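In the text below, chain A, chain B and the rest are named by the order of the sequence lines, each starting its count at 1. Computed from a predicted structure; not experimentally measured.
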There are 2 protein chains.
Amino acid sequence: MQAPRKPPRRSASQRNNNGQRQRAGVTPAREDVERQFLDAAERLLLRVGYAGITTRKLAEEAGLNHGLVHYYFGSMQELLLQVLERFTDRLIERQEEMYAAPGPFLDKWRAAMRYLDEDEESGYSKVWYELQAMGWNDPEIRKRVANVDRAWFKVITKALDKAMDEYGLDRTQFPLEAVVTLVGTFNEGITLQRLSGIRSGHSALLKAIDRWLEELEIRKRQRKRTQ
Amino acid sequence: MQAPRKPPRRSASQRNNNGQRQRAGVTPAREDVERQFLDAAERLLLRVGYAGITTRKLAEEAGLNHGLVHYYFGSMQELLLQVLERFTDRLIERQEEMYAAPGPFLDKWRAAMRYLDEDEESGYSKVWYELQAMGWNDPEIRKRVANVDRAWFKVITKALDKAMDEYGLDRTQFPLEAVVTLVGTFNEGITLQRLSGIRSGHSALLKAIDRWLEELEIRKRQRKRTQ
DNA sequence: ACGCACCTTGGTCAAATGACTAAATAGCAC
DNA sequence: GTGCTATTTAGTCATTTGACCAAGGTGCGT
């Protein structure tokens, strides 16, 4: 990845529709090849970071000819943008699914904290943070990253709004927006630190929160019984 | 920045000491030139990110000949490592200074929160996070980043330890390590979000914390009076 | 089995890169 | 001034890069 010598062409999808159906009717084969490139790009993001991705390395990783990158995507920038798109769709979807599920908030919180470990394990975090780092130097990417963050913020807001009712928390003392921001930012902070191999204090913090939520859960049940 | 074709030479300082004194007696001129390169590197980190730095762009930014990079530092990797070194020394120093100052914790907290804005404004955050992102793909850099984080953790621990006494906080409910981790991670999270242009909820959170600390400060004074 | 749109290959190209160096120059000790 | 070392300049070099394309192959509809 470096500054392109010439501005890249708009995108492959624009030049290739010589009377051919747009996104709607892409051939399965085509979709397959595109997916292979996007998968390979994610693997490279994980392994070498965005700065280490070049058309040729990408093609090698995908086991495909390097000319295809240009044919299918028009440019690296476009490809990376599609990686971002696909990745974040999955991210938001998962998040919504999790919090929309039935059951007490405590369970959802624990599931979310499990994701923290799983995502580190699977390299999900690394890929997502590489995309973010790309965004720091690319307005178009940054815009999309910000959108995802906003969507994430919304999902957590909804979940925590319900949770505060559920546990009868005082909204004067803990304004919803502040709580959401605290939860969101400390999550990002933890992930960021882990990327640098730092884990000190994480389990202490998570344990303290878990204990606190557990207590709230117990009190909730007691309230129900005495009613 | 890309994989070097050959492993770079150890460092400029090793080849240049033809009987000449090591670091101790570097000529002022030399130190000056080195500083110019390091300054230029920071400016480029801020403006284009680590992936966009090349020896030639760096030399241009510094207004110096590109051959000098090799002469003085031996390689880009070495130069970037020195950028990190210098940068983080300043970071820790400032942090220690701030919390070591006299006065109530509330004041220190407010100073720290002001830094949050100042550092974004000045580009300090961007530089620091670019260095972190570099570390995600470079063990040597990552190690140093982790060290800085550890040092930062220690400083906050000391400060918050004192603060919890000062405000009489219950260490069973808020274990020191958990609190430190929460403060550290949400700080990093806020900075990270701001790099992507996200600011929603930040002021709400900071205001809520400020109000809470203010209340603690008032109660502290009341305690003193009634004693 | 023919036509034709689509796909794939294997390249070219100019520009850029990190590493490295010969030669000129500057600055200082004497 | 002379001599000598440290610094600086202006390159070279082998590679790599993103962009781009010609030519041939493939497979499907008919």
Next item on the list: Using five base pairs at each end, measure the axis-to-axis angle across the helix from C:dA1-D:dT30 to C:dC30-D:dG1 and round it to 10 degrees.
Entry: 10°
Next item on the list: Taking side-chain contact (heavy atoms from CB on, under 4.5 Å) as the test, write out the residues that go with A:Arg86, two or more places apart.
Entry: A:Arg35, A:Leu38, A:Asp39, A:Glu42, A:Arg90
Note to self: When you compare the side chains of B:His66 and B:Glu60, does any donor N or O come within less than 3.5 Å of an acceptor on the partner?
What the structure shows: no
Item checked: Rounded interatomic separation in angstrom, taking CD from B:Glu60 and P from C:dG18 -> 13 Å
Note to self: Using whole Å, what does the distance between atom P of nucleotide D:dA19 and atom CG of A:Leu79 come to?
What the structure shows: 11 Å
Note to self: If we count only N and O atoms by modelled type, under 3.5 Å, do the side chains of B:Asn137 and A:Glu130 hold a donor and an acceptor together?
What the structure shows: yes
Next item on the list: Check the distance between C:dC6's P and A:Tyr72's OH and give it to me in whole angstrom.
Entry: 12 Å
Check: Got a sec, which residues hit side-chain contact (heavy atoms from CB on, under 4.5 Å) with A:Ser200, two or more places apart in sequence or on another chain?
Finding: A:Ile198, B:Phe153
Next item on the list: Measure from CZ on A:Phe73 to P on C:dC7 and round the result to the nearest Å.
Entry: 13 Å
Item checked: Rounded distance in Å - OH (A:Tyr71) to P (D:dT26) -> 16 Å
Check: Of the nucleotides D:dT17, C:dA19, D:dG18, which has the atom closest to the B:His70 side chain?
Finding: C:dA19
Next item on the list: Using the test ring-ring contact (aromatic ring centres under 6.0 Å, His included), find all partners of B:Tyr124 that sit at least two apart in sequence or belong to another chain.
Entry: B:Phe87
Next item on the list: Can you sort out the partners of A:Ala159 under side-chain contact (heavy atoms from CB on, under 4.5 Å), two or more places apart, ordered by chain and number?
Entry: A:Tyr99
Margin query: Counting only heavy atoms not in B:Lys108 (residues, nucleotides, ligands), do more than 12 fall under 6.0 Å from its NZ?
Written below: yes
Next item on the list: Check the distance between D:dA6's P and B:Glu34's CD and give it to me in whole angstrom.
Entry: 15 Å
Next item on the list: In whole angstrom, give the distance that lies between atom CD of A:Gln77 and atom P of D:dC20.
Entry: 14 Å
Review item, nucleotides 10-13 of chain D N/O atoms under 3.5 Å of protein N/O:
{"unit_1": "D:dA10", "atom_1": "N7", "unit_2": "B:Asn65", "atom_2": "OD1", "d": "3.2"}
{"unit_1": "D:dA10", "atom_1": "N7", "unit_2": "B:Asn65", "atom_2": "ND2", "d": "3.3"}
{"unit_1": "D:dG11", "atom_1": "O6", "unit_2": "B:His66", "atom_2": "NE2", "d": "2.8"}
{"unit_1": "D:dT12", "atom_1": "O4", "unit_2": "B:Arg56", "atom_2": "NH2", "d": "3.4"}

Next item on the list: Please state how far atom CG in B:Leu58 lies from atom C1' in C:dA19, giving the value in whole angstrom units.
Entry: 15 Å
Checklist line | Option from B:Leu81, B:Leu84, B:Leu80 for which side chain to side chain contact (heavy atoms under 4.5 Å, CB included) with B:Leu131 holds | finding: B:Leu84
Notebook entry, point to check: Passes salt bridge (charged side-chain N to carboxylate O under 4.0 Å, His left out), A:Asp138 versus A:Lys143? Steps please.
Noted result: CA-CA 9 Å; A:Asp138 182 326; A:Lys143 215 171 58 189; over 6 Å; no
